[in-house]
Colleague: 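Below is a structure I'd like to ask you about.
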Amino acid sequence: MRESARRWAAIATTMALMAATACASNPRPGTYTRLIITGSEIRADGYRSAYEALTHHRELIVLEDEIGFKGGNDSAALFGRQTQEYFVPMLVVDGDFNLNDAITTLRRIPAEEIVSIRLYHQSMVPPRYRRPGAEGGVIEVNTR
């Protein structure tokens, strides 16, 4: 009797783990999990601008006037309310550094013009983008 109960408990636990894994690996439609987003994906999901597409990316936190990377060892202190510092990624549009308001710029880039958006965490920033201001990572937008 006990052996049978243990076997059923093991089977039930295995099934629960399999179901949880399946649900976790299947994100909602329109939420991006990769660090590169193509323009065709953005248009297929019905977003009108780069800003709208990035507000639905699982790696980012996008507030009204702030943007940053979620979790991981690169951004453990992201929006670190303890220190009141904000680690904001630098925006690069077609190879040009945007030193102005990144949110406003992202809102002005129409989905029809986007070829791709690539996200670089702090440790992934390529040498061509390593400069003061890129400590929080880089968001690279390529347009037509």
Colleague: Considering residues, nucleotides and ligands other than Arg107, do more than 12 of their heavy atoms fall under 6.0 Å from its CZ?
Modeller: yes
Colleague: With no hydrogens and no angle check, is any side-chain donor or acceptor of Glu52 less than 3.5 Å from a backbone partner on Arg48?
Modeller: yes
Colleague: I need the Asn98 CG to Leu106 CG distance, nearest 0.5 Å.
Modeller: 8.0 Å
Colleague: Looking at side-chain heavy atoms only, is the closest gap between Val141 and Ile109 below 4.5 Å?
Modeller: yes
Colleague: Return the OH to OG1 distance between Tyr51 and Thr104, rounded to the nearest 0.5 Å.
Modeller: 10.0 Å
Colleague: Sub-3.5 Å donor-acceptor pair from the side chain of His57 to the main-chain atoms of Ala53, do we have one?
Modeller: no
Colleague: Given side-chain contact (heavy atoms from CB on, under 4.5 Å), test Val93 with Thr105 step by step and report yes or no.
Modeller: CA-CA 9 Å; Val93 180; Thr105 302; 4.2 Å; yes
Colleague: Provide the closest heavy-atom pair for Pro89 versus Gly68 in the form atom of the first, atom of the second, distance.
Modeller: CD-CA, 3.6 Å
Colleague: Can you give me every donor-acceptor pair (side chain of residues 112-120, partner residue at least two apart or in another chain, under 3.5 Å) with its distance?
Modeller:
residue, atom, partner, partner atom, Å
Ser116, OG, Asn142, ND2, 3.3
Tyr120, OH, Glu140, OE1, 3.3

Colleague: Is there side-chain contact between Leu54 and Ile37, with heavy atoms separated by less than 4.5 Å?
Modeller: yes
Colleague: Please find the pair of heavy atoms, one from Ala134 and one from Val125, that lie closest to each other, and give the distance.
Modeller: O-CG2, 4.2 Å
Colleague: Give me the ring orientation class for Tyr129 and Phe97: parallel if the planes are under 30° apart, tilted from 30 to 60°, perpendicular past 60°.
Modeller: perpendicular
Colleague: Does Gly133 offer a backbone N or O that forms a donor-acceptor pair with the side chain of Glu135 under 3.5 Å?
Modeller: yes
